[in-house]
Amino acid sequence: SGSGKTTLFNLIMGFVKPDSGDILFEGNSINRKTITDVRKRIAWLPQNPNIIGRGKVKEQIMLPFTFHSNKWLIPDDKTIHGEFEKLNLDKSIMDSSFDEISGGEKQRIGIMICKLLKRDIMLLDEPTSALDKVNLGSVVEYLCAENETTMLSASHDDEWLRHCDNIIEL
């Protein structure tokens, strides 16, 4: 805690600027001119899934797909229900308020949104912190089945870390 993992993700996403030096993405400095292209390549799950928004769960799932760059990725109900099943999510929460569901449900929905965005890179900040063992297993299986995506995660979860290819301690 407090070593800068979340700050590093915020630097990569361009939410904060470095005090000195540059953050490079594929050899190019991340700045006002390049950040839009960088963000089109990255799916970001914040440490606090409450940032996703308010309203019905279904509305929050669909929100990223209202943006111009994501319109071609709009998932249909069958796809969403299939993803819910893989993540042990009950379809009945689709009509619930996002504020009313559990932290673990919020995390799994955020992870699902990241996957549905089909980005080259996922930044996952503490993706398993609110999950019990059963749901942790579902998330690990769900994400490890993703072979085409580079995942960077910040985590204190030993079970999650056992499934990572490389670990850098900050």
Does some side-chain heavy atom of [Y] sit less than 4.5 Å from a side-chain heavy atom of [X]?
| X | Y | answer |
| --- | --- | --- |
| Thr150 | Met122 | no |
| Ile61 | Phe84 | yes |
| Phe9 | Leu124 | no |
| Leu87 | Val139 | yes |
| Leu143 | Trp160 | yes |
| Ser129 | Gln107 | yes |

To the nearest 0.5 Å, tell me how far [X] [atom1] sits from [Y] [atom2].
| X | Y | atom1 | atom2 | answer |
| --- | --- | --- | --- | --- |
| Thr79 | Met112 | OG1 | CE | 10.0 Å |
| Ser153 | His163 | OG | NE2 | 11.5 Å |
| Glu105 | Ile109 | CD | CD1 | 6.5 Å |
| Arg39 | Ile121 | CZ | CD1 | 14.0 Å |
| Asn10 | Ile12 | CG | CD1 | 9.5 Å |
| Leu152 | Ile168 | CG | CD1 | 8.0 Å |

Q) Does a donor on one side chain and an acceptor on the other come within less than 3.5 Å for Asn88 and Arg108? A) no
Between [X] and [Y], which heavy-atom pair has the shortest distance, and what is it?
| X | Y | answer |
| --- | --- | --- |
| Pro127 | Ile111 | O-CD1, 3.7 Å |
| Lys5 | Ala154 | CB-CB, 3.7 Å |
| Leu123 | Ile42 | CG-CG2, 3.7 Å |
| Pro64 | Leu117 | CB-CD2, 4.1 Å |

Would you say [X]'s side chain and [Y]'s backbone share a donor-acceptor pair under 3.5 angstrom?
| X | Y | answer |
| --- | --- | --- |
| Asn70 | Leu73 | no |
| Ser155 | Asp157 | yes |
| Glu59 | Lys56 | yes |
| Asp90 | Ile93 | no |

Non-neighbouring partners of [X] that pass side-chain contact (heavy atoms from CB on, under 4.5 Å), sequence neighbours left out:
| X | result |
| --- | --- |
| Leu11 | Thr7, Val16, Pro18, Ile23 |
| Lys40 | Thr36, Asp37, Ser69 |
| Asp95 | none |
| Asp22 | Leu24, Ser29 |

Q: Can you tell me which residue pairs pass the salt bridge (Lys or Arg N to Asp or Glu O under 4.0 Å) test with a partner in residues 119-140, sequence neighbours excluded?
A: Arg41-Asp120
Q: Spell out, yes or no, whether Ile113 and Trp72 are grouped together once hydrophobic residues are joined by side-chain heavy atoms under 4.5 Å, including indirect joins.
A: yes
(Q) The criterion is ring-ring contact (aromatic ring centres under 6.0 Å, His included); which residues satisfy it with Phe15, sequence neighbours excluded? (A) Trp44
Q: Run through Glu83, Lys115, Lys86 and flag the one making a side-chain hydrogen bond (donor to acceptor under 3.5 Å, both in side chains) with Tyr142.
A: Glu83
Q | Steps toward side chain to side chain contact (heavy atoms under 4.5 Å, CB included) verdict (Val38, Met13) | A | CA-CA 8 Å; Val38 169; Met13 291 301 295; 5.8 Å; no
